[in-house]
Amino acid sequence: MVKITFPDGAVREYQPGITALEIAKSISEGLAKKVLAASVNDQVWDATRPIYNDSTLKLLTWNEAEGKSTFWHSSAHLMAEAVESIFPGVKFWVGPPTQNPPGFYYDMDLGDRKITEEDLRAIEKKMTELSRQNNSYIRKDISKKEAVQYFEEKGDEYKLDLLQSLDDGAITFYSQGNFTDLCRGPHIPQTGLIKAIKLTNIAGAYWKGDENNKQLTRLYGITFPNQKELDEYLQMLEEAKKRDHRKLGKELGIYTMDDDVGQGLIMWLPNGTVIIEELEKLAKETELKAGYKRVVTPHIAKESMYLTSGHLPYYADSMYPPMEVDGEKYYLKSMNCPHHHKIFAAEPKSYRDLPYRIAEYGTVYRYEQSGELFGLMRVRCLHMNDAHIYCTREQFASEFRAVNEMYQKYFKIFGIDKYVMRLSLHSADKLGKKYVNEPELWKETEEMVRQVLIESNIPYVEVQDEAAFYGPKIDVQIFSVIGREFTLATNQVDFSQGRSFKLQYTTPDNSTETPLIIHRAPLGTHERFIGFLLEHYAGKLPLWLSPVQVKVLPISDKFMDYAQNVLESLKNADIRAEIDDRPEKIGRKIRDTELARIPYMLIVGEKEVNEGTIAIRRQGKGDLGSKTVDAFIEAAVEEIKARVAE
RNA sequence: GCCAGUGUAGCUCAGUUGGCCAGAGCAGCUGAUUUGUAAUCAGCUGGUCGGGGGUUCGAAUCCCUCCACUGGCUCCA
């Protein structure tokens, strides 16, 4: 007998070779119908795989993340089966489940054939048909030799490539219906569990993600155990589109772009400019308190500086091509740091000057590939909340920690709680190519950063090959409403440019040292940050950031004089206010103001004129009752000053 | 950059198999209405159908090309 330990601690005995599915059946038929996979000794297994040893067991259903991913992985196989029946001779690469966006894809080589939207519908139909056959997913151990033979006969060079990296004895095939695939598994018991199917899009994907390789066709899809969940998912996507920053940016008059100006170049409209100015005000206040000094630098510089900085060897692909002036090459700056280093170097520094912190909302230009551009989130001209801190090795930890604290302070103001802190490390095999070739300094500084994170109790994940060329960094990763991941803010160490620029300070014993440099941008760039905020707040910006904070709505023209007086009082209190002087009914004025996401509506009619008050209405919340103008102004000014997040 | 899709008025969209002056709603303008918490009524204006080239008696519609936008370009069996 084998002893099975359940999550609640209960232990029961079964015949050796029992499967998780059979165990589920012995508990209840209803449960058995929901089981997608099983966690056996913390490994995800097929629910139909026999268990011969004492084990812990957790049944996995749609409610568990592993249940979902197994379901989608099996869906990818089902899609492959459908594709193969419609397009015989297709060769497959890999078909994993995905979390973000949820679902799965399969990469395939269709030769010269092209897949169209109609083909997707045909594949969906075929998948439904195959699902109705309710075929079992069958696991089979196979020797490497047999596996190679199978795919040689099939002529699938991609699977053969995969097999090369696998060890004999650890290779399995999975089959369902007429489809067999090299696969680690696990899979759900039968195809019939996949009831609702939607193939979402067709895309090109370079083999192994390398643009020098052949481009394969990638089909994306999502499936659910029932139609209702699929409908809800599609509904949710529709809702997400409504808070897409590109849609809100247009509706609220935040920014615009124009073919004649160029791709990825944002023009901020008056409303967007108000947001920018408020953000800069916040940054300046915060940085002043934290001991930063402000600087301003030009948008271009000579080639020689970027050779010194290392941008040209390491970062040239991301820079606009140079322009030639008086026989010299000038580049648009892609980063502010070299200019700032020159400011540091402008006067001799002593240890007494450190930490030396200089800040600038710097405009930089980056040549992003046209296909990468995305609304405000990925653009070619950006305004960075940039600053550089030059410090000693001893000062590093406290300076780096102070920057992290500044992040936290900002995140609190904006109510940002869904993000991932990522410790971005270098990749040793790219030293001298993507990263400066200083293996020891990389190790040392990476450990310094890790220690600060641990000491500050900041949860983080470590990721290889995402560092800056000059050092490791912490990135704050956020997600756009359509699920794309972006770096919002960044805090970087630089052990390289200080030496390249021969930056020095005099130590107490009159020798010279090179400072460490921290690059930091807690508010990222205006472009990405405002794009994020629009989605984060669904366009309903907090009062302090709203381009128009208050709209005065007279019931009719008769009360226009009074409304003008109210407007004057608001303006005198530095509140951004407007008056709706159209000859419309009050219901219409309210509707339009609500849709413009203006936080406060002050309604004035006969009653208010007689009583010397205003009727207050809050966007999204409705009527808040009456107050005197002065009382309203006092409260509103307080709300603005405290930057209440709403 | 590459793969796929899209491009009709400021916005959201119609435009049958190529065929009369390219339509609607909203916005805008003009006039009437003077209104109490999410759309008052009427009239009018507005479009090189993304740009260029081609096929045709005839092109928003078919073909070529360029541009822009949208989704994707390792979450590795």
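So you know, we letter chains A, B, ... as the sequences are listed, proteins then strands, and number each from 1.
- Proximity note for A/P101 (side chain, C-beta onward) versus B/G1, B/C75, B/C69: the nearest is B/C75.
- Within 4.0 Å (heavy atoms only), A/A170 reaches at least one base atom of the nucleic acid.
- We find that NE2 of A/H245 is positioned 12 Å from P of B/C69, with the value rounded to whole Å.
- Close to B/G71, at under 4.0 Å from its OP1 or OP2, lies a side-chain N or O of A/R246.
- If you check every strand for non-hydrogen atoms under 4.0 Å, A/Q263 touches sugar and phosphate atoms only.
- When the P atom of B/U74 is taken as reference, atom CG of A/D210 falls 10 Å away, rounded to whole Å.
- Spacing of P atoms, B/G36 relative to B/C41, comes out at 16 Å, to the nearest Å.
- With a 3.5 Å ceiling on both atom-pair distances, B/C76 lacks any Watson-Crick or G-U wobble partner.
- When the nucleotides B/G71, B/G1, B/G36 are ranked by their closest atom to the side chain of A/I555, B/G36 comes out on top.
- Across the P atoms, B/G1 and B/U65 are found 16 Å apart, a figure rounded to whole Å.
- Between the CD atom of A/Q99 and the P atom of B/U74 there is a distance of 16 Å, rounded to whole Å.
- For B/G72, its base never sits under 3.5 Å from the side chain of A/E372 at any donor and acceptor pair.
- The residue among A/K250 and A/G264 whose nearest nucleotide of RNA chain B is located toward the 5' end is A/K250.
- When the nucleotides B/G36, B/C75, B/U35 are ranked by their closest atom to the side chain of A/P96, B/C75 comes out on top.
- Heavy atoms of A/W207 sit nowhere under 4.0 angstrom from any nucleic acid atom.
- A/G262 comes within 4.0 angstrom of nothing in the nucleic acid, heavy atoms only.
- Using N1 to N3 plus N6-O4 or O6-N4 for Watson-Crick, or N1-O2 and O6-N3 for G-U wobble, each under 3.5 Å, B/G19 pairs with B/C57.
- In terms of phosphate contacts, A/Y105 brings no side-chain nitrogen or oxygen within less than 4.0 Å of OP1 or OP2 of B/U74.
- Taking every side-chain heavy atom of A/R617 into account, B/A38 is the closest of B/A38, B/G36, B/G1.
- Residue contacts for A/L166: at a heavy-atom cut-off of 4.0 Å it reaches a base atom on one of the strands shown.
- Residue A/K558 is classed as a sugar-phosphate contact, given heavy-atom separations below 4.0 Å to backbone atoms only.
- At a threshold of 4.0 angstrom between heavy atoms, the contacts of A/I586 are confined to the sugar-phosphate backbone, with no base atom among them.
- In this entry B/G28 has B/C44 as its Watson-Crick or G-U wobble partner, both defining distances falling under 3.5 Å.
- For A/R591, whose side chain is taken as the heavy atoms from C-beta onward, the closest listed nucleotide among B/U35, B/G71, B/A38 is B/A38.
- One C1' atom belongs to B/U17, the other to B/C76, and the distance between them is 48 Å to the nearest Å.
- If you take CD1 of A/I603 and P of B/U34, they are 20 Å apart, rounded to a whole angstrom.
- In summary, the side chains of A/T487 and A/Q477 do present a donor paired with an acceptor at a separation below 3.5 Å, with no hydrogens or angles considered.
- Remark: B/U34 base-pairs with no nucleotide; criterion is Watson-Crick or G-U wobble with both hydrogen-bond distances under 3.5 Å.
- Comparing B/C67 with B/G15, their P atoms are spaced 29 Å from each other, to the whole Å.
- Side-chain proximity of A/K585 to B/G1, B/U35, B/C67: nearest is B/U35.
- Between the side chains of A/R618 and A/Y600, at least one donor N or O lies within less than 3.5 Å of an accepting N or O.
- Side-chain atoms of A/D465 and A/Y435 include a donor-acceptor pair closer than 3.5 Å.
- Using modelled atom types, one finds no donor on one side chain facing an acceptor on the other under 3.5 Å when comparing A/D107 with A/Y158.
- Across B/G31 and B/C49, the matching P atoms stand 33 Å from one another, rounded to whole Å.
- In this structure, A/Y220 reaches the sugar-phosphate backbone alone: every heavy-atom distance under 4.0 Å involves primed, P, OP1 or OP2 atoms, never a base.
- Evaluation of atom-type donor-acceptor distances gives no pair under 3.5 Å for the side chain of A/R218 against the base of B/A4.
- Between A/H77 and A/F92, the ring center distance fails the sub-6.0 Å criterion.
- In summary, of the residues considered (A/D109, A/D156, A/D161), a side chain to side chain contact (heavy atoms under 4.5 Å, CB included) with A/W93 occurs for A/D161 alone.
- Closest to the side chain of A/K208, from the set B/U74, B/G71, B/A38, is B/U74.
- For an aromatic pair to be called close, the ring centres must be under 6.0 Å apart, and A/F532 with A/F486 fails this.
- When heavy atoms are screened at a 4.0 angstrom cut-off, A/I590 is found touching base atoms of the nucleic acid.
- Applying the 4.0 Å criterion to OP1 and OP2 of B/A38, one finds that A/R588 has every side-chain N and O outside that range.
- Between the P atom of B/A4 and the CG atom of A/L216 lies a distance of 13 Å, rounded to the nearest Å.
- The base of B/G72 has none of its N or O atoms less than 3.5 Å from a complementary donor or acceptor on the side chain of A/Y206.
- With B/U37, B/C73, B/G71 as the candidates, the nucleotide lying closest to the side chain of A/A205 is B/C73.
- For the pair A/L199 CG and B/G5 C1', the computed distance is 16 Å after rounding to whole Å.
- Across all strands, A/Q164 comes closer than 4.0 Å to no nucleic acid atom at all (heavy-atom distances).
- Residue A/E238 contributes atom CD, which lies 14 Å from atom P of B/G71 at whole-angstrom precision.
- Ranking B/C75, B/A38, B/U40 by closeness to the A/L595 side chain, first place goes to B/A38.
- The gap from the C1' atom of B/A24 to that of B/A38 amounts to 24 Å, rounded to the nearest Å.
- Nucleic acid contact for A/K589: none, since no nucleic acid atom lies under 4.0 Å from a heavy atom of the residue.
- For the OP1/OP2 pair of B/C3 and a distance below 4.0 Å, the side-chain nitrogens and oxygens of A/Q215 include no atom meeting the criterion.
- Residue-level contact check: A/T172 touches the bases, meaning some heavy atom is under 4.0 Å from a base atom.
- Counted by atom type alone, A/S75 and A/T223 present one or more donor-acceptor pairs between their side chains at under 3.5 Å.
- Within the nucleic acid shown, A/I115 has no heavy atom closer than 4.0 Å to any nucleic acid atom.
- Judged by distance alone, the side chains of A/Q549 and A/S546 never bring a donor and an acceptor atom under 3.5 Å apart.
- The cationic group of A/K68 lies under 6.0 Å from the six-membered ring centre of A/W62 and within 45° of the ring axis, placing it in a cation-pi geometry.
- Look at OH on A/Y367: it is 7 Å from C1' on B/G1, rounded to the nearest Å.
- As judged by a 4.0 angstrom heavy-atom cut-off over every strand, A/G605 is placed among the base-contacting residues.
- If you take atom C1' in B/A60 and the same atom in B/G50, they sit 12 Å apart, rounded to whole Å.
- Between A/D181 and A/G209, the residue anchored nearer the 5' end of RNA chain B, judged by the nucleotide with its closest heavy atom, is A/G209.
- B/G53 and B/A14: their P atoms are spaced 28 Å apart (whole Å).
- For B/G7, the paired base is B/C67 (Watson-Crick or G-U wobble, both distances below 3.5 Å).
- Listed candidates were B/U37, B/U35, B/G71. Nearest to the side chain of A/P583 is B/U35.
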